[in-house]
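For reference, positions follow the sequence shown, starting with 1.
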Amino acid sequence: MSALADFPITQKWPASDPSMLQLYSFPTPNGVKVSIALEEMGIPYEAHTVTLADADVKSPEFLSLNPNNKIPAIIDPNGPDGAPIGLFESGAILLYLTEKSGKLIGATAGEKAKITQWLMFQMGGLGPMLGQLGFFYKFAGSEWEDKRPQERYINEGKRLLSVLEKELEGKDWIAGDYSIADIAIAPWLRALDFYGAKEVLGWEDHNNLVAYLDRFVARPAVQKGLVTPPRA
């Protein structure tokens, strides 16, 4: 019996190779963090497209792995202590993958702490705030007559970009060498294109951020991870 047999999600998204790490995701800013990390770390994996439709993310099979009904999620059949493990939350998955691979987390305890600090900056600040900006600037919230919520998230988006712009002065990456912190942060900066919000945030005035995102997207592993799994 496969190590994955006890995970009901594999009934809806069967594994072609049960010995490989299984990724259940969609190419959103949060979803591509994990595919990019797997590509950068060279961890063999199998990607399954889980759309954002209720039929997928609210299906009993997906909820059995992530009760919070959000992508991404993984199953590693070769987990800690010789047992398979299922995980959700992109930040937790990134930290798990660094422990598994020993890559993209720094060489010392101090470097690891700084990288984790900026990972948490993305998880607690950049991602949620830019996500709200997208809702109020592009999606349903943009139609609301009361523009105070939109103004709040535009202003917060500007503030967060200024934090990153200052931190990147004279640096290629946010916390020393390229790391999971960059893999977490850069996809959310890229999402500003999708939200049509670059101009309102003054993106082009942030020279360090413009160069940073260009460096990130130019990486071959990033280019593959950005389209894995495919939307269709």
Side-chain angles (χ1 to χ4, degrees), residues 23-40 50-52 57 66-74 87-98 104-105 113-142 149-168 173-175 178-198 200-203 206 208-210 212-213 215-217 219 222 225-229 231:
L23 169 64
Y24 307 91
S25 190
F26 196 73
T28 67
N30 280 335
V32 299
K33 294 179 197 173
V34 179
S35 52
I36 290 169
L38 289 165
E39 291 292 336
E40 293 280 14
V50 179
T51 73
L52 307 184
V57 293
N66 184 359
N68 195 37
N69 67 272
K70 304 291 183 183
I71 58 93
I74 65 166
L87 289 173
F88 62 92
E89 282 295 332
S90 59
I93 295 170
L94 288 179
L95 289 170
Y96 173 78
L97 294 177
T98 64
L104 304 182
I105 192 60
K114 290 292 187 181
I115 290 167
T116 304
Q117 166 185 267
W118 285 102
L119 172 63
M120 295 304 133
F121 167 86
Q122 184 278 305
M123 295 295 297
L126 188 70
M129 295 300 102
L130 294 188
Q132 292 295 325
L133 171 65
F135 176 81
F136 286 106
Y137 192 74
K138 178 176 180 175
F139 297 112
S142 66
Q150 185 184 92
E151 292 171 2
R152 166 175 166 72
Y153 291 109
I154 288 173
N155 289 335
E156 183 63 2
K158 289 178 178 178
R159 187 189 71 81
L160 291 166
L161 292 190
S162 71
V163 171
L164 291 169
E165 175 72 10
K166 182 177 179 180
E167 186 65 27
L168 283 164
W173 305 110
I174 198 68
Y178 179 74
S179 72
I180 57 168
D182 302 294
I183 292 172
I185 289 169
W188 276 102
L189 299 177
R190 186 171 174 269
L192 295 176
D193 262 332
F194 178 65
Y195 295 149
K198 279 189 168 180
V200 75
L201 295 183
W203 172 259
H206 299 79
N208 295 333
L209 281 178
V210 171
Y212 172 74
L213 188 56
R215 279 192 296 275
F216 180 77
V217 173
R219 297 177 68 89
V222 170
L226 287 173
V227 294
T228 305
R231 289 179 174 267

*Beyond-backbone contact of Phe121 with Ile174, side-chain heavy atoms, under 4.5 angstrom*: no
*What residues form a side-chain contact (heavy atoms from CB on, under 4.5 Å) with Val210, not counting sequence neighbours?*
Trp203, Glu204, Asp214
_Heavy-atom side-chain contact between Leu104 and Asp182 under 4.5 Å_ = no
*Check side-chain contact (heavy atoms from CB on, under 4.5 Å) between Gln117 and all other residues, then give those that pass, not counting sequence neighbours.*
Lys114
*Below 4.5 Å, heavy atoms only, C-beta onward: do Leu226 and Val222 meet side chain to side chain?*
yes
*What pair of heavy atoms forms the shortest contact from Leu119 to Ala184, and how long is it?*
CD1-CB, 3.6 Å
*What heavy-atom pair brings Ile36 and Gly225 nearest, and what distance separates the two atoms?*
CG1-CA, 3.8 Å
_In the structure I gave you, are the side-chain heavy atoms of Tyr212 and Leu189 within less than 4.5 Å of one another anywhere?_
yes
Can you give me every donor-acceptor pair (side chain of residues 154-162, partner residue at least two apart or in another chain, under 3.5 Å) with its distance?
from   : atom 1 : to     : atom 2 : distance (Å)
Asn155 : ND2    : Glu151 : O      : 3.2
Glu156 : OE1    : Arg159 : NE     : 3.0
Glu156 : OE2    : Arg159 : NE     : 3.4
Glu156 : OE2    : Arg159 : NH2    : 2.8
Ser162 : OG     : Arg159 : O      : 2.5

_Taking side-chain contact (heavy atoms from CB on, under 4.5 Å) as the definition, give me every residue that meets it alongside Ala191, ordered by chain and number, with sequence neighbours left out._
Pro29, Trp188, Tyr195
*Under 3.5 Å, is there a donor-acceptor pair between the side chain of Ser35 and the main chain of Thr228?*
yes
*Supply the atom-to-atom distance Ile180 CD1 to Ile93 CD1, rounded to the nearest 0.5 angstrom.*
11.5 Å
*Among Ile185, Leu201, Leu168, which one satisfies side chain to side chain contact (heavy atoms under 4.5 Å, CB included) with Leu209?*
Leu168
Side-chain donor/acceptor pairs under 3.5 Å, residues 122-141, sequence neighbours excluded:
from   : atom 1 : to     : atom 2 : distance (Å)
Gln122 : OE1    : Lys33  : NZ     : 2.7
Lys138 : NZ     : Phe194 : O      : 2.7

_Between Asn208 (side chain only) and Glu165 (backbone N and O only), is there a donor and an acceptor less than 3.5 Å apart?_
yes
*Is Phe216 close to Trp173 at the side-chain level, that is, under 4.5 Å between some pair of heavy atoms?*
yes
*Report the residues that fulfil side-chain contact (heavy atoms from CB on, under 4.5 Å) with Leu52, sequence neighbours left out, ordered by chain and then residue number.*
Phe26, Thr28, Ile71
*What are the two closest heavy atoms between Ala186 and Leu213, and how far apart are they?*
O-CD1, 3.6 Å
*Would you indicate whether Arg190, at its atom CZ, is surrounded by more than 12 heavy atoms from other residues, nucleotides or ligands within a distance under 6.0 Å?*
no
*asked:* Would you say that Asn68 contacts Glu89 through its side chain, given a criterion of any heavy-atom pair below 4.5 Å between the two side chains?
replied: yes
*Find out whether Leu164 and Trp118 are in side-chain contact, i.e. whether some heavy atom of one side chain is under 4.5 Å from a heavy atom of the other.*
yes
